[in-house]
Amino acid sequence: MFRPGALFVCLLPVCAGAVETMRIAMGAAGSEVAVSGKALAFGTDSEEAAFVAVAAGRAVVKRENGRLTLNGNPVVGDALRFRAGAFAAGARAEPIRVAERQVRGDVVVRLSQGALQLVDVLPLEEYLVGVLGSEMPRTFPAEALKAQAIAARTYALHKKLEAYGQPFHLGSTVLNQVYGGLAAEDPRTREAVEATRGLVLTYELAPIEAYFHAACGGHTESGLEALGRDLPYLATVDCPCGKEPASRWTLSLDAAELKSALGAARPEALGVLSRTATGRARRVRIAADRTLDAVTFREKLGYTRVKSLSFDVERGGGPGRVTLVGRGFGHGAGLCQWGAKAMAESGWDYRRILLHYYPGTELQALY
Ligand SMILES: [Zn+2]
């Protein structure tokens with residue numbers, strides 16, 4: 001549920017200086033997980049928790065008989081929060097290693113539906129440094145990275161308001177934003193985040209749903225067509241990415257592949273029945289008597305194979321085969337990353353790039 005009131009409060013100067021934190025779900029960990037870090041300490045899952053040192057800087061948390069144990073000792077409650085560096089000289093926060101990953105901030109291990117769930121709790125700005133390196137090539141121009149940083153910050157804040165009071169705000173996979181932890185950090189992404197610190201895109205004072213994608217192929221898609229989100233700032237705009245060779249793709253499919261992904265589909269029947277105003281497939285015929293909406297068609301064959309809905313179906317390439325010839329990568333709504341790259345290379349700054357892809361929005365400093 002959306003809470004415009006909550007943001008309005010936060011946009012007032014009284015919130016200036018407050019650290020905005022994010023809670024990022026890192027997935028389930030079965031019934032046992034090891035947490036380690038320099039000067040590791042644990043406490044309850046709250047911002048005001050009193051932390052207690054963990055011996056040897058290593059904790060094994062298990063789920064035993066529906067309760068949590070820490071290094072073999074039962075603990076009260078259904079969540080534990082870990083912080084590294086809490087008792088180190090100078091008390092500087094240190095990274096935590098958990099489930100093969102190294103992350104910043106605190107790590108919460110909680111009981112959830114019979115398993116252990118991991119949540120990383122970290123300042124929004126630190127989260128963005130880890131997101132940016134996973135979402136956009138670090139070699140992209142600085143103004144494109146800054147535009148992406150603002151879009152990712154705005155998206156995260158919107159999700160946080162939407163998930164108000166929930167155990168976590170966002171996951172860490174492509175279904176949300178890809179958070180890569182320390183492994184995804186880079187001086188260039190850190191610089192883009194720091195240069196735009198606290199800047200968010202708003203529409204009528206609320207942070208927008210700042211969707212983004214890799215390449216639109218020449219025209220972005222409306223929020224309604226791409227994602228079922230009929231929002232004024234997710235309108236179709238022209239984009240220079242269509243000239244980039246990287247935005248072209250083909251996919252050859254045979255009868256067996258179509259059958260395993262779509263059931264009764266036949267190559268000879270495959271065709272696009274209707275298209276959106278930008279030419280993307282809306283409804284696809286998969287057999288003489290069967291059709292599918294194009295979003296489901298893409299989902300079932302795989303988002304990385306059918307890279308976008310902007311495709312034509314071509315015959316040839318052998319009996320029983322069809323080829324999809326497409327443009328772009330992703331759902332096509334909001335910021336186009338390859339387009340932002342092209343604009344930055346032709347001298348556009350991040351403000352101009354963002355206001356192109358999210359028309360009618362404003363840039364505001366949240367802190
Ligand atoms: Zn584009």
Side-chain angles (χ1 to χ4, degrees), residues 131-155 174 177-178 189 192 196 201 203 208-251 272 275-282 294-295 298-299 302-312 324-361 363:
V131 164
L132 204 54
S134 309
E135 287 287 0
M136 181 180 258
R138 300 155 205 198
T139 52
F140 272 24
E143 293 303 309
L145 287 169
K146 287 182 204 169
Q148 176 66 64
I150 293 168
R153 182 182 295 110
T154 306
Y155 182 89
V174 282
Q177 302 199 77
V178 179
T189 59
T196 61
L201 283 160
Y203 186 81
I208 67 164
E209 295 182 38
Y211 292 102
F212 51 87
H213 60 278
C216 69
H219 305 281
T220 65
E221 182 58 289
S222 72
L224 181 63
E225 293 286 3
L227 305 154
R229 306 296 296 142
D230 189 10
L231 298 162
Y233 51 82
L234 293 181
T236 293
V237 297
D238 291 341
C239 179
C241 80
K243 298 184 187 80
E244 301 272 350
S247 76
R248 308 271 159 173
W249 57 270
T250 59
L251 173 67
V272 177
R275 293 182 184 272
T276 71
T278 64
R280 287 172 174 85
R282 182 185 279 146
V295 172
R298 183 170 173 233
E299 184 193 339
Y303 294 120
T304 56
R305 301 186 75 214
V306 181
K307 292 187 173 181
S308 75
L309 293 182
S310 186
F311 63 82
D312 295 304
L324 306 187
V325 179
R327 298 157 294 280
F329 192 176
H331 52 61
L335 175 86
C336 169
Q337 294 177 323
W338 279 87
K341 172 182 181 281
M343 288 170 176
E345 282 165 353
S346 65
W348 287 35
D349 67 7
Y350 68 85
R351 287 172 190 274
R352 198 171 165 201
I353 294 170
L354 287 168
L355 298 182
H356 176 78
Y357 289 113
Y358 305 107
T361 62
L363 263 177

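These figures come from a predicted structure and were not determined experimentally. Note that ligands are numbered from 1 as they come in the structure, with each ligand's atoms numbered from 1 the same way.
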Side chain to side chain donor-acceptor pair (under 3.5 Å) partner of Gln148, chosen from Glu135, Gln337, Glu143, Arg153: Gln337

Distance flag, aromatic centroids of Phe140 and Trp338, threshold under 6.0 Å: yes

Protein N, O or S atoms under 2.8 Å from the Zn ion (ligand 1): 4

Exceeds 12 heavy-atom contacts within 6.0 angstrom, atom NE2 of His213: yes

Candidate pair Glu221 and His331, rule side chain to side chain contact (heavy atoms under 4.5 Å, CB included), full reasoning: CA-CA 7 Å; Glu221 182 58 289; His331 52 61; over 6 Å; no

Side-chain (His356) to main-chain (Asp238) donor-acceptor, under 3.5 angstrom: yes

Parallel, tilted or perpendicular: ring planes of Tyr203 versus Tyr233, cut at 30 and 60 degrees: tilted

